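Treat the numbers as computed from the prediction; the structure is a model and nothing was measured.
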Amino acid sequence: MNSSAILATGVMLALVVAIAGLFRPFLGLLVFVVIHFVQPGELIPALAPLRIELVYGILLIAILIYRRASRSGRSLLSDRIILGAVILLAASLLSIPFAVWRGGAASTVIELMKLIALILLLTTLVDSQTRLRKMLWCMAAVATWFASSSLSAYAHGQFYALGDLDRAEGVNSIVGGPNELAGLLLALFPMLVALLRSSRNVLARILVVVCGAVSLIAISLTGSRIAMVGLIAIAIYYTFQSKYKLLTCVACVLIGYLVWINLPGVYKHRYLTVEHYVEGDQLDASNELRLEVWKAGRQIFLHNPILGVGAGQFPTAYGLIYLAGRHAAWMSPHNLLIQVACELGLIGLAAFVYFMCQVAKGIRSVLRRKRNCGFELSYQVAIACSVMYVGVLILSLVGHTLYRPYWYLLAGLVAANRNIVAARLKASAKIKTVSETIPDPFAGLVATNRNIVAARLQASAKIKTVG
């Protein structure tokens, strides 16, 4: 069978599964997640005009709204995380009329809609621990695919060349550059740890370890310094959080040592520049440029401080406002705070802070349950989400992460996990209430017998007194 026949067969099977997902929404969610991350329109250009992700997402949301309308229940906006995401979307829409490039801002808002659709689908369809575990495995598969495909491309000479350094990069726009690839793998890594901690099957644990090893190799070959700092922060977080702190610390040090000794010298030299910067050495060209971009952010922000220069339009504003005709590259913000403030203004910044606070509250509400019976998976997912939160914050110090999937995947998992725990607690409370209200058939007999014994003892005491 030639490659064309294999490709056609694969497309047909994918089409059948996608259609089945419209009738089984959770399967549809898994299909949507795969479509979003794999981006089939980029891998197979003939599919690009079909806008598969957008069309499939709209169909799933429409089916979801129809099903919810047919039965009574809470409004979606009663969930504070979803409300925060919708407010952020509204701020992005408000920025379009005042954008330096309205068409580009509108296109970015459409991409943001897809990410918020991911939150809605995760929150409403991941409604049990079984589905939550399946979603974790889906995330593990996505991480492994990105890591293995980037390593395969790297081995075949497809990488980002930076002087003598060959940096691994992804195969589509989601992970197009080395930093984007490292960032996504870093964000998904805690989900692998959650699976490892909550799985009892030995084969499942071995598979998770293999997935984690492939991800670590891919991250180390990207040459992303901020991702390496994030990995160290994650190791420290898990060490202090674990019940077995010494064992966890030894395991983290051993894994780090094995990765380090197998790295080529040019990668070690790049990672060690972080230490040199801390000691006060001169910054390299890329970091000098970042400082210049951050300084330009002040001028861009003041251009429209209330509503911003438009969603996704920092590079355009950098060229039109800061450079003002000078010949140079139109740079991205390389910092989340600067990105949000400049592109969406103070209104968008307030909306994003509210969204972030609600995600943090959702994580904390599950962590309070600790290791209660029946909540082990949810507890491990809550820990993973808190680690992911910290890791993405570190990435955002030097990365423009507003329109990348990290925050929205995190928000959806947090909301779903919190709702699962709340539903189980509510069900447990109902069972307890019902058990307390059911009359005991022997209670009357016991009371009668007790009264008879008491009466006989009292009569005996009277006879004894008379005698």
Side-chain angles (χ1 to χ4, degrees), residues 136 139-140 142-144 146-148 150-151 154 160 165 167-170 175 177-197 208-242 244-278 286-287 334 336 380-381 383-399 401 404-407 409-410:
L136 291 183
M139 292 295 99
V142 167
T144 307
F146 275 127
S148 57
S150 65
L151 290 176
Y154 181 86
Y160 177 78
L165 182 67
R167 304 179 64 185
E169 58 183 356
V175 289
N179 292 329
E180 288 81 2
L181 173 63
L184 184 62
L185 293 178
L186 176 72
L188 294 179
F189 193 79
M191 301 305 157
L192 299 178
V193 178
L195 275 174
L196 181 66
R197 287 179 158 191
V208 171
V209 169
V210 171
C211 294
V214 174
S215 295
L216 286 176
I217 294 170
I219 291 173
S220 64
L221 290 178
T222 62
S224 174
R225 291 170 289 196
I226 193 63
M228 195 59 66
V229 172
L231 280 176
I232 294 171
I234 285 175
I236 295 172
Y237 189 106
Y238 273 119
T239 298
F240 281 98
Q241 177 275 328
S242 175
Y244 312 102
K245 292 179 174 54
L246 180 60
L247 183 61
T248 304
C249 181
V250 171
C252 291
V253 170
L254 180 60
I255 292 171
Y257 174 75
L258 290 174
V259 171
W260 184 257
I261 63 172
N262 287 288
L263 273 179
V266 65
Y267 291 91
K268 293 179 182 179
H269 176 73
R270 178 173 175 82
Y271 290 129
L272 287 174
T273 56
V274 176
E275 181 184 358
H276 299 158
Y277 297 152
V278 173
S286 64
N287 284 301
H334 292 287
L336 176 62
Q380 293 299 337
V381 170
I383 293 173
C385 288
S386 64
V387 175
M388 183 177 177
Y389 192 98
V390 172
V392 177
L393 275 179
I394 292 173
L395 292 174
S396 300
L397 294 175
V398 295
T401 60
R404 292 178 186 167
Y406 319 141
W407 294 118
L409 176 63
L410 172 64

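- Considering all non-hydrogen atoms of both residues, A143 and L185 come closest at O-CD2, 3.4 Å.
- By the side-chain contact (heavy atoms from CB on, under 4.5 Å) test, F240 is found to be paired with I236, residues two or more places apart in sequence or in another chain being considered.
- Sequence neighbours left out, not one pair with a member in residues 208-218 passes salt bridge (charged side-chain N to carboxylate O under 4.0 Å, His left out).
- Residues forming a side-chain hydrogen bond (donor to acceptor under 3.5 Å, both in side chains) with S148 (at least two apart in sequence, or on another chain): none.
- Side chains of S386 and Y237: a donor on one and an acceptor on the other come within 3.5 Å.
- Listed by chain and residue number, I226, R290, W294 satisfy the side-chain contact (heavy atoms from CB on, under 4.5 Å) test with V398 (two or more places apart in sequence, or in another chain).
- Closest approach of A194 and A384 over heavy atoms only: CB-CB, 3.9 Å.
- Every residue two or more places apart in sequence or in another chain that forms a side-chain contact (heavy atoms from CB on, under 4.5 Å) with A187 is listed here: M388, V392, Y406.
- Between T401 atom OG1 and I394 atom CD1 the span is 12.5 Å, to the nearest 0.5 Å.
- Residues passing the side-chain contact (heavy atoms from CB on, under 4.5 Å) test with L393, sequence neighbours excluded: M356, Y389, W407.
- Residues in residues 257-272 take part in no salt bridge (charged side-chain N to carboxylate O under 4.0 Å, His left out) pair, two or more places apart or across chains.
- The stretch residues 183-196 participates, sequence neighbours left out, in no salt bridge (charged side-chain N to carboxylate O under 4.0 Å, His left out) pair at all.
- Residues L188 and S215 fail the side-chain proximity criterion, which asks for heavy atoms closer than 4.5 Å.
- Inter-residue side-chain proximity for V193 and V387 is flagged as unmet; no heavy-atom pair is nearer than 4.5 Å.
- Residues V214 and A147 share a closest heavy-atom pair of CG1-CB, 3.5 Å.
- Nearest heavy atom pair, residue L186 against residue G230, reads CD1-C, 3.9 Å.
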Using side chain to side chain contact (heavy atoms under 4.5 Å, CB included), reason through V274 and M228 one step at a time and then give a plain yes or no.
CA-CA 10 Å; V274 176; M228 195 59 66; over 6 Å; no
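- Summarising the geometry of Y271 relative to S220, their closest heavy-atom pair is OH-O, 2.6 Å, with the distance given to 0.1 Å.
- For the salt bridge (Lys or Arg N to Asp or Glu O under 4.0 Å) test, residues two or more places apart in sequence or in another chain that qualify with R404 are E180.
- Between the CG atom in L221 and the CZ atom in R167 there is a gap of 11.0 Å [rounded to 0.5 Å].
- Taking a 6.0 Å sphere around OH of Y160, one finds it holds 12 or fewer heavy atoms contributed by other residues, nucleotides or ligands.
- Partners of R225 by salt bridge (Lys or Arg N to Asp or Glu O under 4.0 Å), not counting sequence neighbours, listed by chain and number: D284.
- Remark: Y267 pairs with no residue by the ring pair (Phe, Tyr, Trp, His ring centres under 6.0 Å) rule, at least two apart or across chains.
- Put simply, the side chain of R197 reaches to within 4.5 Å of the side chain of S242, judged on heavy atoms.
- Within the structure, salt bridge (charged side-chain N to carboxylate O under 4.0 Å, His left out) contacts touching residues 384-399 (residues at least two apart or in different chains) do not occur.
- Counting heavy atoms from C-beta outward, L216 and L231 have side chains that approach closer than 4.5 Å.
- The side-chain heavy atoms of Q380 and L196, taken from C-beta on, include no pair separated by under 4.5 Å.
- The heavy-atom pair separating C252 from T239 by the smallest distance is SG-OG1, 4.2 Å.
- To the nearest 0.5 Å, atom CD1 of residue I217 and atom CG of residue L263 are 10.0 Å apart.
- The side-chain heavy atoms of I234 and V390, taken from C-beta on, include no pair separated by under 4.5 Å.
- Residues I219 and S224 form no side-chain contact, since every pair of their non-hydrogen atoms from C-beta on lies 4.5 Å or further apart.
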